[in-house]
Amino acid sequence: MNAQQLSIRLARVASHVPKNSVVADIGSDHAYLPCYLVSQGLAERAVAGEVVKGPYESAKKQVIQEQLEDKIAVRLASGLEAIHQEDGITAVTIAGMGGPLIVSILDQGKDRLAGIERLILQPNVHALAIREWAAANQWTVIEEEIIKENNKIYEIIVLEPSNQPVTFTPAELLMGPVLMKEGSEAFREKWQRESTQWKNIIASIESTEQTLEIVEKKHELVSKIQLVEEVLNRENS
């Protein structure tokens with residue numbers, strides 16, 4: 001992978017960035033995504049934000065190598081602190097982290113989301129946390145995608161601000177309102193895998209002392225399994 005040839009995962013993230021956006025890529029690593037967006041004419045300008053010194057230096061080096069220093073600002077900053085008001089950022093990408101970490105970045109930088117028209121988020125795990133955040137903060141899911149790359153399954157969630165309250169059913173929170181409707185092969189594989197893992201966990205804790213915590217955990221997992229099986233069975237019927 002490089003700035004001209006992204007991985008499937010990052011290419012799909014890039015596909016959800018509106019044309020002529022000003023993009024902030026948070027946790028940019030080598031800055032491949034902003035370099036690609038700007039060099040392909042998909043974004044006018046970009047900010048690459050990194051909180052770790054090593055990746056920050058790599059991102060700077062990549063931007064210089066691509067001769068994009070006039071179009072991409074590389075900043076060593078925590079989360080959305082990489083965004084300055086004068087940047088005029090319209091879209092934010094955060095990819096390759098856990099859902100709860102993405103949520104903490106959004107929460108801690110909430111004051112910098114004013115004027116942002118789109119969030120393109122790619123959690124490696126626990127996408128549920130992002131949908132919960134969206135509902136609590138009035139961002140609506142306009143698109144979702146699920147892809148498989150190198151035997152790993154990734155979700156992409158695209159959010160835009162909403163003037164109306166945003167609500168999800170328990171199944172939509174867990175599995176994604178758009179993904180549930182599409183019911184792709186990767187979607188089915190992911191949730192069959194998850195359901196099998198939860199059943200294995202339940203089986204493994206059956207023989208342990210049934211403390212209140214264990215009983216609550218079992219109830220939680222049983223509820224999730226039922227939600228998943230209802231959705232998958234509905235698709236089959």
Side-chain angles (χ1 to χ4, degrees), residues 1-19 21 23-43 46 48-52 54-55 58-59 62-63 65-66 72 91-106 118-131 133-134 141-159 172-198 200 224 228 231-232 235:
M1 183 172 71
N2 55 50
Q4 302 306 318
Q5 184 69 51
L6 298 179
S7 64
I8 295 169
R9 175 180 63 88
L10 280 185
R12 294 314 304 155
V13 169
S15 75
H16 294 286
V17 174
K19 190 96 163 70
S21 294
V23 181
D25 184 38
I26 306 302
S28 198
D29 203 5
H30 287 78
Y32 290 150
L33 180 57
C35 285
Y36 174 85
L37 290 169
V38 172
S39 65
Q40 298 296 315
L42 301 171
E50 249 307 332
V51 71
V52 180
S58 297
Q62 188 68 44
V63 169
Q65 188 178 313
E66 299 292 327
I72 301 175
V92 173
T93 55
I94 310 178
M97 305 176 200
L101 178 54
I102 292 174
V103 163
S104 85
I105 287 169
L106 295 173
R118 182 173 288 193
L119 300 174
I120 303 107
L121 310 172
Q122 184 269 297
N124 286 350
V125 291
H126 303 308
L128 164 75
I130 289 172
R131 296 186 192 101
W133 180 88
V141 175
I142 64 148
E143 189 56 86
E144 292 179 306
E145 204 171 328
I146 188 163
I147 55 166
K148 187 174 179 182
E149 183 175 26
N150 299 329
N151 209 36
K152 290 183 180 174
I153 294 176
Y154 301 100
E155 291 180 47
I156 298 167
I157 303 174
V158 184
L159 303 177
E172 286 172 340
L173 266 181
L174 180 65
M175 304 173 78
V178 178
L179 299 179
M180 277 172 57
K181 285 178 190 163
E182 292 173 349
S184 69
E185 193 178 324
F187 175 83
R188 296 188 63 78
E189 183 179 339
K190 174 188 169 71
W191 291 109
Q192 282 164 351
R193 270 192 209 174
E194 294 279 358
S195 186
T196 300
Q197 283 179 355
W198 293 334
N200 290 340
K224 284 182 175 179
V228 168
V231 171
L232 296 185
E235 286 175 12

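From a predicted model like this one, the values you see are computed outputs, not experimental measurements.
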> When rounded to the nearest 0.5 angstrom, what is the spacing between CE in Met180 and CD in Glu172?
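Spacing of CE (Met180) from CD (Glu172) equals 5.5 Å.
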> Using a 4.5 Å cut-off on heavy atoms from C-beta on, say whether the side chain of Val141 contacts that of Leu159.
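Yes - at least one pair of side-chain heavy atoms lies under 4.5 Å apart.
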> Please report the closest heavy-atom contact between Glu145 and Ser15, naming both atoms and the distance.
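Between these two residues, the closest heavy atoms are OE1-OG, 4.4 Å.
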> Could you tell me whether the side chain of Glu50 and the main chain of Pro55 form a donor-acceptor pair under 3.5 Å?
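It does not hold such a pair.
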> Can you name the nearest heavy-atom pair linking Ile142 to Arg118, along with the distance?
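Minimum heavy-atom contact is CD1-NH2, 3.2 Å.
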> Are any of the side-chain heavy atoms of His16 and Glu143 separated by less than 4.5 Å?
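When only atoms from C-beta onward are counted, Glu143 and His16 do touch, with a gap below 4.5 Å.
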> Using only atom types and a distance under 3.5 Å, with no angle test, would you say the side chain of Ser39 pairs donor to acceptor with the backbone of Cys35?
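Side chain of Ser39 to backbone of Cys35, a donor-acceptor pair under 3.5 Å: yes, one is there.
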> Rounded to the nearest 0.5 Å, how far apart are CG of Leu232 and OG of Ser195?
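The CG atom of Leu232 sits 7.5 Å away from the OG atom of Ser195.
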> Heavy-atom distance under 4.5 Å between the side chains of Leu6 and Tyr32, does that happen here?
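With C-beta onward as the side chain, the pair touches.
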> Minimum heavy-atom separation for Leu101 to Ser104, with atom names?
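In terms of heavy atoms, the two residues are closest at O-OG, 3.0 Å.
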> Run the side-chain contact (heavy atoms from CB on, under 4.5 Å) check on Leu119 and Ile94 step by step: do they pass?
CA-CA 8 Å; Leu119 300 174; Ile94 310 178; over 6 Å; no
> Shortest non-hydrogen contact from Val38 to Ala46?
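So the two residues come closest at CG2-CB, 4.0 Å.
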> Are Gln62 and Gln65 side-chain neighbours, meaning at least one heavy-atom pair lies under 4.5 Å?
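The answer is yes; the side chains approach within 4.5 Å.
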> Less than 4.5 Å apart, side chain to side chain, heavy atoms only: is that true for Ile105 and Met97?
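Yes, at least one pair of side-chain atoms sits under 4.5 Å.
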> Does any part of the side chain of Ile156, heavy atoms only, come nearer than 4.5 Å to the side chain of Leu121, both counted from C-beta?
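No; the side chains remain at least 4.5 Å from each other.
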> Using every non-hydrogen atom in the two residues, find where Ala129 and Pro100 come nearest and quote the distance to one decimal.
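Closest heavy-atom pair between Ala129 and Pro100: CB-N, 4.0 Å.
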> Considering all heavy atoms of both residues, which atom of Ala95 and which atom of Arg9 are nearest to each other, and what is their separation?
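Shortest heavy-atom separation between Ala95 and Arg9 comes out as CB-NH1, 3.9 Å.
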> Do Arg193 and Thr196 have side-chain atoms, one donor and one acceptor, less than 3.5 Å apart?
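Arg193 vs Thr196: no donor-acceptor pair found between side chains.
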> Nearest 0.5 angstrom please: Asp25 CG to Leu37 CG, how far?
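Going from the CG atom of Asp25 to the CG atom of Leu37 covers 8.0 Å.
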> Checking Glu194 against Val228 for the side-chain contact (heavy atoms from CB on, under 4.5 Å) test, could you report, in this order, the C-alpha distance in whole Å, the side-chain angles of both residues, the deciding distance, and whether it holds?
CA-CA 9 Å; Glu194 294 279 358; Val228 168; 5.9 Å; no
> Could you grab the distance from atom OH of Tyr154 to atom NZ of Lys190, nearest 0.5 Å is fine?
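Going from OH on Tyr154 over to NZ on Lys190, the span is 11.5 Å.
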> At what distance, to the nearest 0.5 angstrom, does CD1 of Ile26 lie from CD1 of Ile102?
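One gets 11.5 Å once the value is rounded to the nearest 0.5 Å.
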> Do Ile147 and Ile153 have side chains that approach each other closer than 4.5 Å (heavy atoms only, starting at C-beta)?
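No, every pair of side-chain atoms sits at 4.5 Å or beyond.
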> What's the separation between atom OG in Ser184 and atom CD in Glu144, rounded to the nearest 0.5 Å?
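Separation between the atoms: 11.0 Å.
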> Under a 3.5 Å distance rule, please check whether Glu155 uses its side chain to pair with a backbone N or O of Ile146 as donor and acceptor.
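The answer is no, because no donor-acceptor pair under 3.5 Å joins these two groups.
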> Asn124 vs Gln122, test: side-chain hydrogen bond (donor to acceptor under 3.5 Å, both in side chains). Steps then yes/no.
CA-CA 6 Å; Asn124 286 350; Gln122 184 269 297; 2.9 Å; yes
> Less than 4.5 Å apart, any side-chain heavy atom of Trp133 and any of Leu106?
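With C-beta onward as the side chain, the pair touches.
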> Let's go through Met175 and Trp191 carefully: what are the C-alpha distance in whole Å and the side-chain angles of both, what is the deciding distance for side-chain contact (heavy atoms from CB on, under 4.5 Å) to 0.1 Å, and is it a yes or a no?
CA-CA 8 Å; Met175 304 173 78; Trp191 291 109; 3.6 Å; yes
